[in-house]
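Letters A, B, ... are given to chains in the order of the sequence lines, protein chains preceding strands, and every chain is numbered from 1.
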Number of protein chains: 2
Amino acid sequence: MTVATDQKLEQAREEFVAQWGALGTQWGINRTMAQIHALLMTSPHPMCTDEVMESLAVSRGNAHANLKELVNWGLVRMIVVKGDRRDFYEGEKDVWQIFTIIARERKRREIDPALALLNKCAEETKDLKGAEAKVFHNQMKQLEEFVSFASKMSDRVSSMRHGLAIQLATKILG
Amino acid sequence: MTVATDQKLEQAREEFVAQWGALGTQWGINRTMAQIHALLMTSPHPMCTDEVMESLAVSRGNAHANLKELVNWGLVRMIVVKGDRRDFYEGEKDVWQIFTIIARERKRREIDPALALLNKCAEETKDLKGAEAKVFHNQMKQLEEFVSFASKMSDRVSSMRHGLAIQLATKILG
DNA sequence: TCACATTTTCATTATTTACTGAAAATTCGG
DNA sequence: CCGAATTTTCAGTAAATAATGAAAATGTGA
């Protein structure tokens, strides 16, 4: 029975890892990074580089680069096991933490640069006189206002505690 | 003066189009599609394929494919000008519309498949007995719950009228 | 300081994704 | 129907991105 359970669990976990990797692609993060994330998020123990490599059948360089990136994001922590020279890695398991980390990163990469561009374009055209220029400037302002709004929302929600966010969401959905 | 204004406007618009294209890359949509979107979103008139091709210096096939995709998304409408056999294209200009369209598409591509996966993995492990299986199943449930939440929120916000959304947002930010 | 274990880098290769341009299909006035 | 204008497709190519694997660098205990 334990053997059967172990097998089914391993199977489910493998599917999760594989598919989460495929999803990562849609999210603009590469397959290996998403797979490692899935692996560590569902690992009962911290893993070393070789375990990750074997588990996913990827090269050392690939495993290394993506572990590093995940640590950068804050989705994975490096763990030192005393008496062992290898680095171990442990995935963040708290769902709200995972969400806020990803939200922050996406904001940084997707919202902030857009806002900068819209600011610039609105600024450059604010004194122009023609009718077309007015229309263009107005469009930039509208976009800017909206994106700035989104930016603030994102910050606000990301900095909430889990419980508060749930409360808020309940209000919206209710 | 009008000439100077026209030049500055054209310059600002060109920058916007180019940079919006670069941003599109981060958003997971290809450069050309994002550029056409920017172009049409700021065009005072509907444009035909050849105008788009010339404006962005891309091939007919490329312009065609991406215009089609934008029409699919609903970010661009096809316009028939009588007495002219060419198809013209007009970009959606309303910022809230643009947002809801993009939000819906992202939900479809990013949230829905994740939810399906999490459902499946939670289901497959719900009767397993071992301690590790319990932990895994619990993790899937937490993720599922969260993503399902996000999904409902997305639906709810996307289906709001602009005014209502602003009201809500004001409450959150205030 | 040396030998060994481990991490890190990076030039090369593979894979994926986007684009081109020309040919085929379609549409429409005459 | 015919022929010109336009749209659509798609095989081939180019560009961008990701992964490999081996070599170099780093760290460590003896």
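A:Thr49 has no side-chain polar atom (N or O) that falls below the 4.0 Å cut-off from OP1 or OP2 of C:dT6. Contact annotation: A:His64 does not reach the phosphate of C:dT7 (side-chain N/O to OP1 or OP2, under 4.0 Å).
Rounded to whole angstrom, the span from the NZ atom of A:Lys68 across to the P atom of C:dT8 amounts to 7 Å. One atom, CG of B:Asp84, and another, P of D:dT6, lie 7 Å apart when rounded to the nearest Å. Computed from coordinates, the B:Ile29 CD1 to C:dC19 P distance equals 11 Å when rounded to whole Å. Note: CE (A:Met53) to P (D:dA22) measures 11 Å, nearest angstrom. At whole-Å resolution of the value, CD1 in B:Ile79 and P in D:dT6 are 18 Å apart. Put simply, CD on A:Gln26 is 9 Å from P on C:dT17, counting in whole angstrom units. Atom CG of B:Asn66 and atom P of C:dA18 are 9 Å apart (whole Å). Rounded to an integer number of Å, the gap from CE of A:Met78 to P of D:dG27 is 12 Å.
Between B:Lys126 and B:Glu144, none of the side-chain N atoms (NZ, or NE/NH1/NH2) sits under 4.0 Å from a carboxylate O, so this pair counts as no salt bridge. The pair A:Glu124-A:Lys120 counts as a salt bridge, with a side-chain nitrogen and a carboxylate oxygen less than 4.0 angstrom apart.
The aromatic rings of B:Trp20 and B:His37 are tilted relative to each other, their planes meeting at an angle between 30° and 60°.
The 5' end of DNA chain C is approached more closely, in terms of each residue's nearest nucleotide, by A:Tyr89 than by the other of B:Gly61 and A:Tyr89. Residues B:Arg60 and A:Asn30 each lie close to DNA chain D; by heavy-atom proximity, the contact nearer the 5' end of the strand is made by B:Arg60. Between A:Arg85 and A:Asn62, the one whose closest nucleotide on DNA chain D sits nearer the 5' end is A:Asn62.
Residue A:Glu10 qualifies as enclosed at atom CD: its count of foreign heavy atoms under 6.0 Å is above 12.
Both B:Leu67 and B:Ile102 are assigned to one and the same hydrophobic cluster, defined by single-linkage of ILVMFWY side chains at heavy-atom distances under 4.5 Å.
Side-chain atoms of B:Arg86 lie closest to D:dT6 of the nucleotides D:dA19, D:dT6, C:dC19. With D:dT20, C:dT7, D:dT7 as the candidates, the nucleotide lying closest to the side chain of A:Asp87 is C:dT7.
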